[in-house]
Amino acid sequence: MPGNRFPQKRYSIKHDDLSTGTHVARDRIVGSIPLDKRYSELTREQQDAFKSQYERMAENDEPPFPVEGLGPLYKGIAEVHKQFLRRGFGLGADGFLALHVQVDSQGKATSVSAYQSPDPEMTKYAATVAMLTKYKPAVCGGQPCAMIFPIRIELKSRH
């Protein structure tokens with residue numbers, strides 16, 4: 001499908017509490033890659049979809065990826081989002097968050113750049129979560145290498 005780099009399936013982290021009048025938990029964070037899998041556990045299609053975010057990557061090269069999968073990273077950001085909303089200054093904290101995490105050849109985050117965010121304070125806290133995450137380093141030509149790990153998620157409050 002031209003213009004569609006990701007599979008149609010969406011993966012999400014739900015709110016812990018239910019909204020009044022419903023028994024269905026709403027999505028808090030929505031993504032396009034399974035949240036409960038390490039990179040090696042993703043299907044070839046899922047790996048290719050994730051790799052499509054990179055301009056030039058050889059077939060056997062791999063991007064950096066959270067060691068425990070996307071779930072702990074996204075759950076950490078979801079928890080920050082939840083606390084941010086609870087403190088009362090979360091107005092406008094919903095929306096698209098796009099960060100680039102520079103990951104070194106040992107899998108350590110060395111910096112974070114924000115490209116889109118619903119709120120500067122939310123960005124700061126999400127970047128802290130990203131910096132504390134352990135990553136599988138990228139592989140370039142069979143060797144560990146430094147590379148950017150993109151975080152692109154949609155943050156949603158329950159309202």
Side-chain angles (χ1 to χ4, degrees), residues 1-15 26-84 92-157:
M1 286 181 267
N4 186 7
R5 299 184 315 184
F6 300 104
Q8 293 296 326
K9 185 153 175 113
R10 305 298 285 171
Y11 301 89
S12 65
I13 294 174
K14 305 278 186 194
H15 283 275
R26 293 184 189 226
D27 295 336
R28 178 182 295 151
I29 293 181
V30 179
S32 59
I33 302 292
L35 305 174
D36 61 343
K37 304 214 182 288
R38 296 170 186 248
Y39 187 80
S40 62
E41 297 171 329
L42 297 175
T43 66
R44 182 55 132 176
E45 179 184 72
Q46 292 163 341
Q47 287 179 356
D48 288 346
F50 190 78
K51 285 172 65 171
S52 74
Q53 297 177 85
Y54 297 85
E55 284 186 30
R56 287 179 224 113
M57 186 171 282
E59 187 174 332
N60 292 327
D61 288 352
E62 295 180 0
F65 202 79
V67 169
E68 298 298 323
L70 294 171
L73 171 63
Y74 284 14
K75 284 178 184 175
I77 293 172
E79 188 57 34
V80 165
H81 185 239
K82 179 179 173 181
Q83 295 305 318
F84 195 74
D94 290 352
F96 197 70
L97 178 68
L99 306 174
H100 282 179
V101 182
Q102 182 65 48
V103 178
D104 70 16
S105 61
Q106 281 75 50
K108 182 180 178 195
T110 58
S111 66
V112 177
S113 300
Y115 292 92
Q116 186 174 354
S117 176
D119 182 274
E121 285 295 309
M122 182 63 216
T123 302
K124 182 171 78 172
Y125 294 116
T128 299
V129 171
M131 287 292 293
L132 293 172
T133 299
K134 289 270 207 192
Y135 298 86
K136 171 198 84 58
V139 177
C140 304
Q143 299 295 316
C145 62
M147 192 179 292
I148 289 173
F149 173 78
I151 297 174
R152 293 182 177 99
I153 54 178
E154 186 177 353
L155 300 167
K156 294 182 176 184
S157 65

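Values reported hereafter were calculated over all heavy atoms of this structure, with side chains retained and with hydrogens, waters and symmetry mates removed.
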Query - Steps toward side-chain contact (heavy atoms from CB on, under 4.5 Å) verdict (V112, T123) - result: CA-CA 10 Å; V112 177; T123 302; over 6 Å; no
Query raised in the report: With side chains defined as the heavy atoms from C-beta onward, is the minimum distance between V103 and M147 less than 4.5 Å?
Result: no
Query raised in the report: Any chance the rings of Y39 and Y135 have centres within less than 6.0 Å?
Result: no
Query raised in the report: Atom CG of L42 and atom NZ of K37: how far apart are they, to the nearest 0.5 Å?
Result: 8.0 Å
Query raised in the report: Taking all non-hydrogen atoms of both residues, which atom of D104 and which atom of P137 are closest, and how far apart?
Result: O-CB, 3.9 Å
Query raised in the report: Do S117 side-chain atoms and P120 backbone N/O form a donor-acceptor pair below 3.5 Å?
Result: no
Query - Side chains of R152 and H100 in contact at under 4.5 Å (non-hydrogen atoms) - result: yes
Query - Nearest-0.5 Å distance, NZ of residue K134 to CG of residue L73 - result: 14.5 Å
Report task. Could you name each residue pair satisfying side-chain hydrogen bond (donor to acceptor under 3.5 Å, both in side chains) that touches residues 136-151, not counting sequence neighbours? Result -> E62-K136
Query raised in the report: F50 and F149: ring-ring contact (aromatic ring centres under 6.0 Å, His included), yes or no, with the steps?
Result: CA-CA 10 Å; F50 190 78; F149 173 78; 5.7 Å; yes
Query - P64 versus I148, closest heavy-atom pair with distance - result: CG-O, 3.7 Å
Query raised in the report: Distance from L99 atom CG to S111 atom OG, nearest 0.5 Å?
Result: 11.0 Å
Report task. Would you name the heavy atoms of H81 and L155 that are closest together and state the gap between them? Result -> NE2-CB, 3.9 Å
Requested in this report: Hey, could you give me the CD/OG1 distance between E68 and T133, rounded to the nearest 0.5 Å?
Outcome: 10.5 Å
Query raised in the report: Which distance, rounded to the nearest 0.5 Å, do you find between the CG of D48 and the NZ of K51?
Result: 6.0 Å
Query raised in the report: Between S40 and F65, is any pair of side-chain heavy atoms under 4.5 Å apart?
Result: no
Query raised in the report: Could you give the distance from CD1 (I153) to CG (L35), rounded to the nearest 0.5 Å?
Result: 9.5 Å
